Each structure stands twice: as C-alpha cells, then as structure tokens.
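Here is the structure we will look at.
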Amino acid sequence: MQWGYTFRAGALAPVPINLEITTHCHALLTGGSGSGKSYALLFLLGTLLKGNPTTAVYFCDFKNSEDFEFLMGYPYYYAGNDVCDGIAAYYHSFCEARETRKHSRRHILIIDEYPALINYLTMVDKRDKTKKASEVMAYIAEILMMGRGIGFGVWIVTQRADSTLFSNGARDNFMIIIGLGRLSKEQKGMVFAGEDIPNRVYGLGEGVFLADGHPIMDVKYPQLSNEYDWKKHIKLILMEYR
C-alpha cells in the first residue's frame, strides 16, 4: 500500500512510501485543525482499496463530517452516536476471527475524531453511570495488541494523541504514525518520542511519517485532481465487496 510521498536527496520527484498492509496495519494520523487530516485520510482510503479491494472497512465518523458523507448507504459506515455500534460490530468480528481462526479477508477499522468520541462517552458515563468510554478503549487496545496476526487493523484520526485515550499502553502498538502540520513540542514528545523531528514549516497535507523498521521522514499527500471521482471510486469498491 502507498502511504504518501516523501522527498529524498538527489531525487527528481517525490518518492512513494510503499509498505505492506499485512505488516503495517495500525496507523495513527494526528495533526491540528486545518493540517489536512481528512484530506490525507481520503487519499489513504483510496490507495488501500486500490491495492486491497476486498478489505472490509468499518468507517466510524463521530462528527458526521461532510468530507465523508459520500459513504452514506455503505453498510459499515457509522456516523454520530452510531459509531459505538460500529466499533462493537468490528470487535465482534475480531473476536470471532480469533476464536475460529477463520479470516478470509482483511479488516480495517477507521475512527475519525477519536478524542471527541471518548470525551463524549466519558460525559455520558458520568451522567448515566455507565462505562462506555472504558469499554471502547478496551476494544481498541485489544485489537491494537492482537489484531495484526489475523488481519484486523485500526486507523485512528485525532488532533491530539494523548496516552490517556489508549488503555494499557496500546498507543505503542501503532506501526505507522503520521503527524501533519505544525505539531507542538508536547505533541512531538508524545507520539515521536526519541526521534529527531525536522524543524520545518509544513503546509496542508505535509508533515512527518514514522513506520516500524524505517527512519523518520517527511511526508506529503498529493492534491487529488478530481475528488468527486476519487470518492466515487471508493464507494463503488466498498459497495461491491460489502
């Protein structure tokens, strides 16, 4: 799968970042508002399906964003408060695959604006004396720690990647970390601990990319020449293999 483009000394053009989805199935995409997270996610979803069209994608869009409303009608698209049902359904499929050792196709769970979801569930828990937030975090932690071997991945999109959002140190199980735009010193320390982050000004869709087994590098996501066709292509593939 292509995870974007990087720049190398002496190269005449941006170089594609290609990594196998089998070995790098968990990804953390972080960056402030306006950094291009949704834009990058749209690119990544399209390239995933281009090389792996049979992937079962569960898309959880808590903020019900206009960027992904084109997915309405796709059975595994969950918006607003329904995202809890989507995460639970994905976790159920994950548990079934572990128990039966049958996983004929790859699965990816995408959660956009994950902190907003956890903050909302935390407020609901205080009001209703429930434990929905901790339950969701436990689901995510278990999949991050045990999902790769059976073809179950997690992509989390967030403005901040605080460790409190991930149970039992599960944040360390992301094989890919993408930081877009201007990251604060605190953010760099949280998600790129021990790495020498380039001191550069990044534009829309530009930032830092770190993958297991590879040195840290710059990353850029190209401007889509026809976003409508890109989205149409994504929807057609998802519906064909739903």
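FYI, the numbering just counts along the sequence from 1. Keep in mind that what you see is a predicted model, and the values were worked out from it rather than measured.
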Using a 3.5 Å distance criterion without hydrogens, assess whether the side chain of [X] forms a donor-acceptor pair with backbone atoms of [Y].
| X | Y | value |
| --- | --- | --- |
| D162 | T164 | no |
| K37 | G32 | yes |
| K235 | M72 | yes |
| R171 | A161 | yes |

Tell me which donor-acceptor pairs under 3.5 Å the side chains of residues 11-21 have, and how far apart each pair is, sequence neighbours excluded?
none

task = Output, in order, the C-alpha distance, side-chain angles, deciding distance and verdict of ring-ring contact (aromatic ring centres under 6.0 Å, His included) for Y78 and Y76.
result = CA-CA 6 Å; Y78 302 87; Y76 299 140; 7.2 Å; no
Closest approach of A141 to S167 (non-hydrogen atoms, all atoms of both residues) =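 Scanning both residues completely, I find the closest heavy atoms to be CB-O, 3.7 Å.
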message = How close do L165 and P115 get, counting heavy atoms only, and between which atoms?
response =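 The pair with the smallest heavy-atom distance is CD1-CG, 3.7 Å.
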task = Apply side chain to side chain contact (heavy atoms under 4.5 Å, CB included) to the pair R148 and M175, showing each step before the final yes or no.
result = CA-CA 10 Å; R148 184 181 70 171; M175 298 94 173; 3.3 Å; yes
inquiry  = Could you go through Y90 and F152, starting from their C-alpha distance and side-chain angles, then the distance that decides it, and tell me whether this counts as ring-ring contact (aromatic ring centres under 6.0 Å, His included)?
reply    = CA-CA 9 Å; Y90 189 82; F152 279 72; 5.4 Å; yes
Which atom pairs, donor and acceptor, lie under 3.5 Å between side-chain atoms of residues 54-61 and protein residues at least two apart or in another chain?
residue : atom : partner : partner atom : Å
T55     : OG1  : N52     : O            : 2.8
Y58     : OH   : S93     : OG           : 3.4
D61     : OD1  : N64     : N            : 3.3
D61     : OD1  : S65     : N            : 3.2
D61     : OD2  : S65     : N            : 2.9
D61     : OD2  : Y77     : OH           : 2.9

Rounded to the nearest 0.5 Å, what's the gap from [atom1] on [X] to [atom2] on [Y]? Could you check?
| X | Y | atom1 | atom2 | result |
| --- | --- | --- | --- | --- |
| L183 | R160 | CG | CZ | 10.5 Å |
| K231 | L42 | NZ | CG | 6.0 Å |
| S35 | R182 | OG | CZ | 13.0 Å |
| L45 | H233 | CG | NE2 | 9.5 Å |

task = Using a strict 4.0 Å threshold on nitrogen-to-oxygen distance, state whether E195 and K188 make a salt bridge.
result =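 So E195 does not pair with K188 through a salt bridge.
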request  = In sequence, state the C-alpha distance, the side-chain angles, and the governing distance for E142 and Y91, and then conclude on side chain to side chain contact (heavy atoms under 4.5 Å, CB included).
outcome  = CA-CA 9 Å; E142 188 174 342; Y91 180 72; 2.7 Å; yes
message = Check for me whether the distance between the ring centres of F166 and Y114 falls short of 6.0 Å.
response =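 Yes - the distance between ring centres of F166 and Y114 falls below the 6.0 Å cut-off.
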request  = With sequence neighbours left out, write down each residue that passes ring-ring contact (aromatic ring centres under 6.0 Å, His included) with Y120, or none if nothing qualifies.
outcome  =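 Y120 satisfies ring-ring contact (aromatic ring centres under 6.0 Å, His included) with F62 only.
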ask   = Taking I111 as the fixed residue, which of I140, I118, V83, V136 is the one that meets the side chain to side chain contact (heavy atoms under 4.5 Å, CB included) rule?
value =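 That would be I140.
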query = Using 30° and 60° as the class limits, which term best fits the ring planes of W230 and F43: parallel, tilted or perpendicular?
reply =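 Parallel: the ring planes of W230 and F43 meet at under 30°.
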